[in-house]
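The next block holds one structure in the form of structure tokens; read it before the comments.
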Amino acid sequence: MHTDDPLIAQRLAKLELATQRDGDPFWRTRYDVTHHAAEIVDGFEALEGTSVRLAGRLHTLRGKGKAAFWDLYDQSGRIQIFLNVDSVGEEAFRHLGEVIDLGDIVGVEGQVIRTRMGEVSVHASAVTLLTKSLRPPPLGKEKDGETWNRLTDIEARYRRRYVDLFVNRDVRAVFEARSRIVQSIRRTLDERGFLEVETPMLQPIQGGAAARPFITHHNALDMELYLRIAPELYLKRLLVGGFEKVYEINRNFRNEGIDTSHNPEFTMLETYEAYADYNVVMDLTEALVTNACLAVHGKLQIEFDGQEIDLTPPWPRKKLYDIVAEATGQDLGAMGGDEAEREAAARRVAEQIGVYVQPSDGFGQIVDAIFKKYVIAKIVQPTFIIEYPVELSPLAKRRPDKPELTERFQPIIAGLEMGNAFSELNNPIDQRERFEAQARRAQRGDAEAMPYDEDYVTALEYGMPPAGGLGVGIDRLVMLLCDQRSIRDVILFPTMRPD
RNA sequence: GCGCCAGUAGCUCAGUCGGUAGAGCAACGGACUUUUAAUCCGAUGGUCGAAGGUUCGAGUCCUUCCUGGCGCACCA
């Protein structure tokens with residue numbers, strides 16, 4: 001405790017004063033609450049004159065000699081507490097004045113009234129100090145939605161999210177919405193007969209996505225384990241096991257850079273449905289996103305970063321090569337020639353429009369790079385991008401009519417990649433070849449090539465039903481639905497360097 | 001990893017040409033029994049992100065480093 005800090009020392013002195021009169025507030029264990037602030041404000045007509053008990057943090061103290069007005073916030077919101085010497089007694093009133101600070105947590109018992117100025121209030125007859133706040137809260141001031149001197153320093157807000165949450169109510173609102181979104185997703189899937197499961201976060205072979213993993217070590221087994229980059233291969237093993245509809249909502253970990261749309265740990269929804277193809281999954285995606293939006297907004301028209309977005313289904317479906325051709329004026333999909341010629345042509349287009357590509361990138365990766373860096377930001381309204389080249393999609397099923405393409409799609413909204421989905425490759429012979437192609441890419445220097453998972457191929461050899469799978473980045477969905485430009489604003493404790 | 005920007009009182013911010021740091025709010029003392037950014041009077045509060053350097057003198061100029069934001073690269 002920094003007793004050398006005068007502001008903390010003052011508060012410790014007040015704690016001592018409070019303890020002398022009423023006992024140490026930190027020994028109190030219980031305060032029975034009858035109402036929350038919003039219930040009293042909203043239900044004033046019925047509650048006027050009745051006695052209530054509520055508890056919360058003090059955000060404003062307005063003293064006026066022998067009367068005082070406090071703003072008390074609980075989880076539901078704000079209510080004014082009115083107290084004067086007549087309601088609590090002269091001695092108690094003076095004592096409270098000496099002991100109570102901004103940020104203290106108190107229990108209040110009193111009558112529901114409306115003040116002369118017309119504000120619904122609780123006229124306190126008893127105030128109990130439940131927790132002494134020993135640090136000055138950076139609450140600032142507020143009037144008509146305008147705020148002054150409130151904590152805004154972005155670093156301090158992330159590092160001390162607990163302060164951010166009680167100081168900035170709109171931050172709370174984002175996380176309340178996040179909870180409703182996840183709830184809605186579970187409801188949508190449960191109603192359709194999906195089973196929620198949990199699969200390993202610690203994996204001996206990382207798989208299911210192209211990304212660099214975090215590596216950790218298990219002492220007793222004396223072996224390296226990877227924090228999962230995706231649950232995909234385990235969930236599909238469950239289809240082999242006979243579950244027909246499964247999903248998991250959980251954390252993935254990817255050892256990559258941090259920016260406004262990437263956090264090293266992030267939350268992913270993955271669903272797998274036997275006997276469904278990617279068309280069925282597109283319908284499911286629309287249902288998941290629109291239900292979540294309705295749960296938060298009650299309508300399907302939202303604003304993101306100043307753009308009007310309408311989520312009303314059905315969302316248009318556009319082929320990857322077509323939309324890249326539209327944006328660049330060069331139809332790479334229609335290009336003939338062998339692999340090397342196609343790759344060289346794609347490389348030229350990338351160079352023309354200023355998209356950087358790795359020397360190790362093949363044709364598919366270059367097209368993907370052009371799409372991600374040049375095209376995707378231009379897609380504002382919800383759109384399914386479909387038909388990805390097979391070399392980009394080592395776990396996706398080929399189109400029967402065009403085997404160099406897969407039955408894969410990505411939902412794009414407001415320039416954000418909201419997910420990834422495909423008809424699942426269930427042919428163990430083809431899967432083995434795809435893993436081998438990935439291994440060749442790893443040799444070529446691609447740190448994100450997918451490692452060979454022999455047991456997964458074994459599982460497919462027993463037989464996995466045809467199935468459609470979906471992955472949705474929950475954090476990005478929350479960003480979209482809550483109009484937040486940074487993933488850090490939808491993650492309670494984003495990854496930061498230590499102070 | 002590269003570039004740009006930022007870090008000054010508990011909070012929000014000023015700080016000119018290099019001359020020994022200022023405001024508002026909070027906190028502190030006082031007045032005030034229906035206020036609401038309450039008001040009024042008074043007196044406080046600083047390792048200027050860190051370390052070096054230039055200079056008679058550095059919040060200010062230079063170097064390195066730390067932390068964060070944004071953009072690029074990588075990625076979902």
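None of the values given here were measured: they were computed from a predicted structure. Residue numbering restarts at 1 for every chain, and letters A, B, ... go by the order of the sequence lines.
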For the side chain of [X], starting at C-beta, report the closest nucleotide among [options].
X      : options                : answer
A:M117 : B:rA73, B:rU67, B:rU35 : B:rU35
A:P138 : B:rA76, B:rC11, B:rA26 : B:rC11
A:P136 : B:rG10, B:rA37, B:rG68 : B:rG10
A:N149 : B:rG68, B:rA76, B:rC25 : B:rC25
A:R159 : B:rC28, B:rU67, B:rU12 : B:rU67

At under 4.0 Å between heavy atoms, what does [X] touch on the DNA or RNA strands: base, sugar-phosphate, or nothing?
X      : answer
A:T260 : sugar-phosphate
A:M268 : nothing
A:R212 : nothing
A:R254 : base
A:N252 : nothing
A:L7   : base
A:R150 : sugar-phosphate
A:A210 : sugar-phosphate

*All salt bridge (charged side-chain N to carboxylate O under 4.0 Å, His left out) counterparts of A:R150, not counting sequence neighbours*: A:E142
What is the distance, rounded to the nearest whole Å, between atom [atom1] of [X] and atom [atom2] of [N]?
X      : N      : atom1 : atom2 : result
A:L96  : B:rU33 : CG    : C1'   : 15 Å
A:F166 : B:rC11 : CZ    : C1'   : 12 Å
A:D164 : B:rG10 : CG    : P     : 20 Å
A:Y356 : B:rG1  : OH    : C1'   : 12 Å
A:L134 : B:rG10 : CG    : P     : 17 Å
A:E142 : B:rC25 : CD    : P     : 18 Å

*Any side-chain donor near an acceptor of the partner, A:Q80 and A:R62, under 3.5 Å*: yes
*Sequence neighbours left out, what passes side-chain hydrogen bond (donor to acceptor under 3.5 Å, both in side chains) with A:E424? Give chain and number order.*
A:K236
_My understanding is that only residues two or more places apart in sequence, or in another chain, count here; which of them pass side-chain hydrogen bond (donor to acceptor under 3.5 Å, both in side chains) with A:R169?_
none
*At what distance, to the nearest 0.5 angstrom, does CZ of A:F214 lie from CE of A:M201?*
12.5 Å
Do the side chains of [X] and [Y] get close enough for a salt bridge, i.e. N-O under 4.0 angstrom?
X      : Y      : result
A:E407 : A:K397 : no
A:E343 : A:R347 : yes
A:E248 : A:R228 : yes

[N] versus [M] - spacing of their [atom1] atoms, nearest Å:
N      : M      : atom1 : result
B:rU36 : B:rU60 : P     : 44 Å
B:rA14 : B:rA21 : C1'   : 11 Å
B:rG1  : B:rA9  : P     : 29 Å
B:rA58 : B:rC17 : C1'   : 14 Å
B:rA6  : B:rG10 : P     : 22 Å
B:rU44 : B:rG29 : C1'   : 10 Å
B:rG7  : B:rG15 : P     : 10 Å
B:rU33 : B:rC13 : P     : 37 Å

Is the shortest side-chain N/O distance from [X] to OP1 or OP2 of [N] below 4.0 Å?
X      : N      : value
A:R116 : B:rU35 : no
A:K141 : B:rA37 : no
A:R160 : B:rG10 : no
A:T152 : B:rU12 : yes
A:R488 : B:rG69 : yes
A:R497 : B:rG68 : yes

*asked:* Strictly by ring-ring contact (aromatic ring centres under 6.0 Å, His included), give each pair with a member in residues 120-170 of chain A just once, sequence neighbours left out.
replied: A:F82-A:H123
Contacts of type side-chain contact (heavy atoms from CB on, under 4.5 Å), residue [X], not counting sequence neighbours:
X      : answer
A:A209 : A:I229, A:A230, A:R254
A:Q20  : A:E16, A:L17
A:A38  : A:D42, A:S76
A:V349 : A:T328, A:Q330, A:L332, A:I370

*Please, what dot-bracket string fits RNA chain B when only Watson-Crick and G-U pairs with both distances under 3.5 Å count, crossing ones use [ ] and pairs to another strand use |?*
(((((((..((((.....[..))))..((((.......))))......(((((..]....))))))))))))....
_Toward the 5' end of RNA chain B, by each residue's nearest nucleotide, A:E256 or A:D153_ = A:D153
*Using the closest heavy atom to pick a nucleotide of RNA chain B for each, name whichever of A:I113 or A:Q410 lands nearer the 5' end.*
A:I113
*Identify, residue by residue, the members of residues 61-89 of chain A with a heavy atom below 4.0 Å from RNA chain B, and return them in order of residue number, or none.*
A:R62, A:G63, A:K64, A:G65, A:K66, A:A67, A:F69, A:Q80, A:F82, A:N84, A:V85, A:D86
_Residues within residues 366-379 of chain A bordering RNA chain B, heavy-atom distance below 4.0 Å_ = A:K372, A:K373
Name the atoms and distances for all side-chain donor-acceptor pairs under 3.5 Å in residues 99-106 of chain A, with sequence neighbours left out.
unit_1	atom_1	unit_2	atom_2	d
A:D101	OD1	A:K14	NZ	2.6
A:D101	OD2	A:K14	NZ	3.4
A:D101	OD2	A:K132	NZ	2.8
A:D104	OD1	A:K132	NZ	3.4
A:D104	OD1	A:S133	N	2.9
A:D104	OD2	A:D101	N	2.7
A:D104	OD2	A:K132	NZ	2.7

*Please assess A:F422 against A:Y278 for the test ring pair (Phe, Tyr, Trp, His ring centres under 6.0 Å), listing each intermediate value before the final yes or no.*
CA-CA 5 Å; A:F422 35 84; A:Y278 77 148; 9.6 Å; no
